[in-house]
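Scroll down for the structure; my scribbles are underneath it.
Every chain is numbered from 1, with letters handed out A, B, ... down the list of sequences. Because only heavy atoms are used, hydrogens play no part in the values below, and waters and symmetry mates are left out as well, while side chains stay in.
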There are 2 protein chains.
Amino acid sequence: MGHGADAKNTTTARERLETVGAADVAATLQALATPSRLRILARLQEGPCAATELADAVGMEQSACSHQLRLLRNLGLVTGERRGRSIIYALYDNHVAELLEQALYHVEHLRVGLRDTPASAPTAVT
Amino acid sequence: MGHGADAKNTTTARERLETVGAADVAATLQALATPSRLRILARLQEGPCAATELADAVGMEQSACSHQLRLLRNLGLVTGERRGRSIIYALYDNHVAELLEQALYHVEHLRVGLRDTPASAPTAVT
DNA sequence: GGACCACTTGAAGAGCCATTCATGTGTTCA
DNA sequence: TGAACACATGAATGGCTCTTCAAGTGGTCC
């Protein structure tokens, strides 16, 4: 994806948003919009993990964790595989890991107050 | 603590999450977790826009839009500058645009069911 | 079979959040 | 000055969501 000048980009973010469905995009991003799920995903990025161990790692009750895991699974962000009496959870694929990575990266830089090119006036679009 | 080193990645996502503050990360991502704000940001990515015109572009009431704009401004995602009797809104910087871009990109690919490298233990799922 | 473990599921309650309605502030123009 | 415009603000409402408590299901080992 090109940074900087994308002067002749025919597909706008707005079009893509409505194509995919703004509600669906919002729903997926909502998965990253809570501390508990954020911690779950971050822990899972280090490797697969059983449910109880996972709940313990992120410091939440096992039941609450299970509820969130179901939500994440329904969104296609994590997978769960039965192994003995445990169920091993893992990130669905690298896209999820990358999305988490990007979110972290950007927020880290936003918090610092770092600003590069102001997006305000560079390209005249009308 | 490392001083902004990206190359040598000994810091896990979990560490970074807690360093920045999971709640703050969640709060910022929450800004992208609703259709209305998503549309606002997507419209703003095309260029600056006055409040009323913006509300009209995303199809929401002026008051509701103003409330959301305040929220986005408090999060440091957009800026508003008075010009005449209008107030021109714009994305704060390119990081915001990129974050939106990344979110769109990833969700587009998630929805397709596309999967590349499994992020962890190969598993057959449900 | 029965005790036990790992995890899920359902319901209920508290808190939060986005929208609406009504009103308030600031600006331009006649 | 007053009317009209552009936008912000406050309160109230309805809906949604995260958590907790209390069962319920599937699996293992003796």
Side-chain angles (χ1 to χ4, degrees), chain A residues 17 21-44 48-75 77-90, chain B residues 17 21-44 48-90 121 123-126:
Chain A
L17 183 59
D24 289 334
V25 179
T28 300
L29 284 168
Q30 189 112 17
L32 302 182
T34 202
S36 58
R37 282 185 299 244
L38 230 30
R39 290 198 182 94
I40 290 177
L41 292 174
R43 167 59 189 82
L44 250 33
C49 186
T52 302
E53 185 188 343
L54 183 53
D56 194 55
V58 301
M60 59 193 306
E61 276 205 9
Q62 194 274 321
S63 179
C65 192
S66 182
H67 278 295
Q68 301 303 329
L69 282 172
R70 184 153 82 117
L71 195 154
L72 291 174
R73 213 170 42 190
N74 286 340
L75 284 173
L77 296 179
V78 308
T79 63
E81 180 205 2
R82 175 137 240 156
R83 176 167 179 169
R85 39 188 157 182
S86 297
I87 294 186
I88 310 295
Y89 279 93
Chain B
L17 183 59
D24 290 334
V25 179
T28 300
L29 284 169
Q30 189 112 15
L32 302 182
T34 203
S36 57
R37 282 183 301 240
L38 231 29
R39 290 199 183 94
I40 291 177
L41 293 175
R43 166 60 187 83
L44 250 35
C49 186
T52 302
E53 184 189 343
L54 183 53
D56 194 55
V58 301
M60 58 192 306
E61 277 204 8
Q62 189 274 321
S63 179
C65 192
S66 182
H67 278 295
Q68 299 304 328
L69 283 171
R70 183 153 80 118
L71 195 154
L72 291 173
R73 213 170 43 188
N74 286 341
L75 284 172
L77 296 180
V78 308
T79 62
E81 181 198 2
R82 174 139 241 156
R83 176 167 180 168
R85 40 186 159 183
S86 296
I87 294 187
I88 309 296
Y89 279 93
T123 54
V125 187
T126 46

What is the separation between atom CZ on Arg85(A) and atom P on dG27(D), rounded to the nearest whole Å? 13 Å

Between atom CG of Leu77(B) and atom CG of Leu71(B), what is the distance when rounded to the nearest 0.5 Å? 9.0 Å

For Leu69(A) and dT9(C), give me the distance from atom CG to atom P, rounded to whole Å. 11 Å

Counting side-chain heavy atoms from C-beta on, which of dC29(C), dT9(C), dA8(D) comes nearest to Arg70(A)? dT9(C)

If you compare every side-chain N and O of Tyr89(B) against the phosphate oxygens of dA8(D) (OP1, OP2), does one of them come in below 4.0 Å? yes

Side chain to side chain contact (heavy atoms under 4.5 Å, CB included) involving Arg73(B) - partner list, sequence neighbours excluded: Val78(B), Tyr89(B)

Measure CZ/Arg83(A) against P/dT28(D) and give the value in whole Å, please. 12 Å

Whole angstroms only, please: what is the CD-C1' distance between Gln62(A) and dC4(C)? 15 Å

Within this structure, what is the CD-CG distance for the pair Gln68(A) and Leu41(A), rounded to the nearest 0.5 Å? 10.5 Å

Partner set under side chain to side chain contact (heavy atoms under 4.5 Å, CB included) for Ala42(A), not counting sequence neighbours: Leu100(A), Ala13(B), Arg14(B), Leu17(B)

Atom CD1 of Ile87(A) to atom C1' of dT8(C): distance rounded to whole Å? 8 Å

Roughly, in whole Å, what's the span from CZ in Arg39(B) to C1' in dA18(C)? 13 Å

Asn74(B) CG to dA8(D) C1': how many Å, rounded? 13 Å

List the residues meeting salt bridge (charged side-chain N to carboxylate O under 4.0 Å, His left out) with Arg37(A), not counting sequence neighbours, and say none if there are none. none

Could you tell me how far apart Glu81(B) (CD) and dG26(C) (P) are, to the nearest whole angstrom? 18 Å

Taking the nucleotide of DNA chain D with the closest heavy atom to each, which residue, Gly84(A) or Ser86(B), is nearer the 5' end? Ser86(B)

Under 3.5 Å, side-chain donor or acceptor atoms of residues 55-62 of chain A against the rest of the protein: list the pairs with distances, not counting sequence neighbours.
none

Under 4.5 Å between any side-chain heavy atoms of Leu54(A) and Leu69(A), yes or no? yes

For nucleotides 18-25 of chain D, give me one character per nucleotide, 5' to 3': B if any protein heavy atom sits under 4.0 Å from the base, S if the only such contacts are to the sugar-phosphate, - if neither. SSBBB---

